Asks: 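Before I ask anything, let me first share the structure, which is written out below as structure tokens.
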Amino acid sequence: VPENKVGPADAKSIAALEAKGVKVLPVGEYSNYVNVDCINATGFGDNDMNLLLSIKEQLVWLDLSGTNVTDNAFATLGKLRRLTRLDMRHTRIKGDGLAALNACTELRYLNLAGNPVSGNGLLSLQKNKKLQQVYLDRCWINATAGQQLRELVAHLRGGYRQPLAQLGAVDLQHVRQHRRHQRNADA
């Protein structure tokens, strides 16, 4: 949770989200930052994403699991700059717009499990300096991108190679360090 203080989220904006079945809860007792949970709002989709913009200053945790959002949602997600945690398990994304999340400079956790995300989209996330964990369980990744990820993951897992479809968390800080080391060794 960011240390900077923010004012409370607009009550009408929260009511509009709750009318869609979305839960909006404070992340702490004395905090105006909020957790938005759409897990029970299965009808929530791309057309509803703009509702989040009215609370973008307070929104730090977002769970879109099981919703109907597609890659079109990334345009809005990229505007949620304070977001630290994003869960997109079992949505309708393919990962083509993942690079938009690089604008979320506070993002540390991303769960993409159960989505056919593109490997190129995943590799574009390396530009996000604070992103630490990406969950990829049951993701379908093409062979070329899969090979690139396998090479990186081999170093993250101490040489242990799991089937890519069963990947858990990828620690991108170690990926970045490995890439820097490789570049320095090649120079």
Side-chain angles (χ1 to χ4, degrees), residues 1-2 6 8-27 32-125 127-128 130-142 145 164-165 167-170 172:
V1 176
V6 294
D10 179 64
K12 288 181 184 177
S13 299
I14 292 174
L17 285 163
E18 289 176 341
K20 296 274 184 185
V22 174
K23 295 280 185 201
V24 181
L25 300 168
V27 296
N32 286 324
Y33 289 108
V34 295
N35 171 23
V36 172
D37 190 338
C38 301
I39 199 157
N40 292 321
T42 54
F44 194 87
D46 295 337
N47 293 334
D48 303 311
M49 290 296 295
N50 282 336
L51 294 172
L52 300 172
L53 292 177
S54 60
I55 61 167
K56 70 180 182 179
E57 295 302 315
Q58 295 82 12
L59 181 54
V60 292
W61 298 344
L62 177 59
D63 188 345
L64 294 169
S65 298
T67 63
N68 290 319
V69 296
T70 68
D71 288 331
N72 294 329
F74 288 117
T76 302
L77 289 169
K79 296 174 184 175
L80 304 176
R81 307 233 194 265
R82 294 186 188 260
L83 206 58
T84 62
R85 188 174 178 90
L86 176 60
D87 194 333
M88 298 187 81
R89 286 174 291 153
H90 305 288
T91 58
R92 299 175 70 201
I93 64 164
K94 294 183 178 139
D96 296 333
L98 280 168
L101 296 181
N102 287 322
C104 301
T105 56
E106 297 299 319
L107 190 63
R108 289 168 172 78
Y109 171 96
L110 177 62
N111 192 332
L112 300 170
N115 291 300
V117 296
S118 68
N120 289 337
L122 289 170
L123 293 173
S124 73
L125 291 172
K127 295 175 185 172
N128 191 315
K130 291 190 179 176
L131 188 58
Q132 297 170 1
Q133 293 181 318
V134 177
Y135 285 84
L136 303 170
D137 282 341
R138 291 174 241 107
C139 286
W140 303 274
I141 299 170
N142 69 41
L164 198 55
L167 283 178
V170 174
L172 289 180

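Computed from a prediction, not measured in an experiment: that's the story for all the values here.
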Asks: Return all side-chain donor-acceptor pairs below 3.5 angstrom for residues 76-83, not counting sequence neighbours, or 'none' if the list is empty.
Replies:
| unit_1 | atom_1 | unit_2 | atom_2 | d |
| --- | --- | --- | --- | --- |
| R81 | NH1 | G78 | O | 2.9 |
| R81 | NH1 | A103 | O | 3.4 |
| R82 | NE | E57 | O | 3.2 |
| R82 | NE | E57 | OE1 | 2.9 |
| R82 | NH1 | Y33 | OH | 3.3 |
| R82 | NH2 | E57 | OE1 | 3.0 |

Asks: Are side-chain heavy atoms of D63 and N111 found at a separation under 4.5 Å?
Replies: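 Side chain of D63 against side chain of N111, heavy atoms only: no contact under 4.5 Å found.
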Asks: Can you tell me how far apart OH (Y135) and CG (L112) are? Round to the nearest 0.5 Å.
Replies: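 Reported to 0.5 Å precision, the distance equals 12.0 Å.
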Asks: Looking only at non-hydrogen atoms, find the nearest pair between G43 and N68 and report the distance.
Replies: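 Where G43 meets N68 most closely, the heavy atoms are CA-ND2, 3.9 Å.
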Asks: For D10 and I55, indicate whether the former's side chain and the latter's backbone hold a donor-acceptor pair under 3.5 Å.
Replies: no
Asks: Please tabulate, for side-chain N and O atoms in residues 90-98, each donor-acceptor pair with protein atoms closer than 3.5 Å (sequence neighbours left out).
Replies:
| unit_1 | atom_1 | unit_2 | atom_2 | d |
| --- | --- | --- | --- | --- |
| T91 | OG1 | M88 | O | 3.2 |
| T91 | OG1 | N115 | OD1 | 3.3 |

Asks: How close do K20 and A41 get, heavy atom to heavy atom, and via which atoms?
Replies: O-CB, 3.3 Å
Asks: Indicate the atoms forming the closest heavy-atom contact of L64 with C38, along with that distance.
Replies: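 Taking L64 first and C38 second, the nearest heavy atoms are CD2-SG, 3.8 Å.
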Asks: Between N35 and L25, is there a donor-acceptor pair closer than 3.5 Å when you use the side chain of the first and the backbone of the second?
Replies: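 No; zero donor-acceptor contacts below 3.5 Å.
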Asks: Any non-hydrogen side-chain atom of T84 less than 4.5 Å from a side-chain atom of W61?
Replies: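 Contact flag for T84/W61 side chains = yes.
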Asks: What distance separates N102 CG from L131 CG, expressed to the nearest 0.5 Å?
Replies: 8.5 Å
Asks: Where do V36 and V24 come nearest, in terms of heavy atoms and distance?
Replies: CG2-CG2, 4.2 Å
Asks: How far apart are the closest heavy atoms of V22 and F44, and which atoms are they?
Replies: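 That closest heavy-atom pairing would be CG2-CD1, 3.8 Å.
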Asks: How many angstroms lie between CG in L110 and CG in L136, if you round to the nearest 0.5 Å?
Replies: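 One finds 8.0 Å between CG of L110 and CG of L136.
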Asks: Which heavy-atom pair separates N32 from V6 by the least distance, and what is that distance?
Replies: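 So the minimum-distance heavy-atom pair works out to ND2-O, 2.7 Å.
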Asks: Under the side chain to side chain contact (heavy atoms under 4.5 Å, CB included) test, which residues partner N72, sequence neighbours left out?
Replies: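 Once residues adjacent in sequence are excluded, the partners of N72 under the side chain to side chain contact (heavy atoms under 4.5 Å, CB included) criterion are D46, T70.
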Asks: Going from CD1 on I14 to OG on S54, what distance comes out if it is rounded to the nearest 0.5 angstrom?
Replies: 8.5 Å
Asks: What's the spacing between K56 NZ and N50 CG if we round to 0.5 Å?
Replies: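 Interatomic distance, K56 NZ to N50 CG, rounded to 0.5 Å: 11.0 Å.
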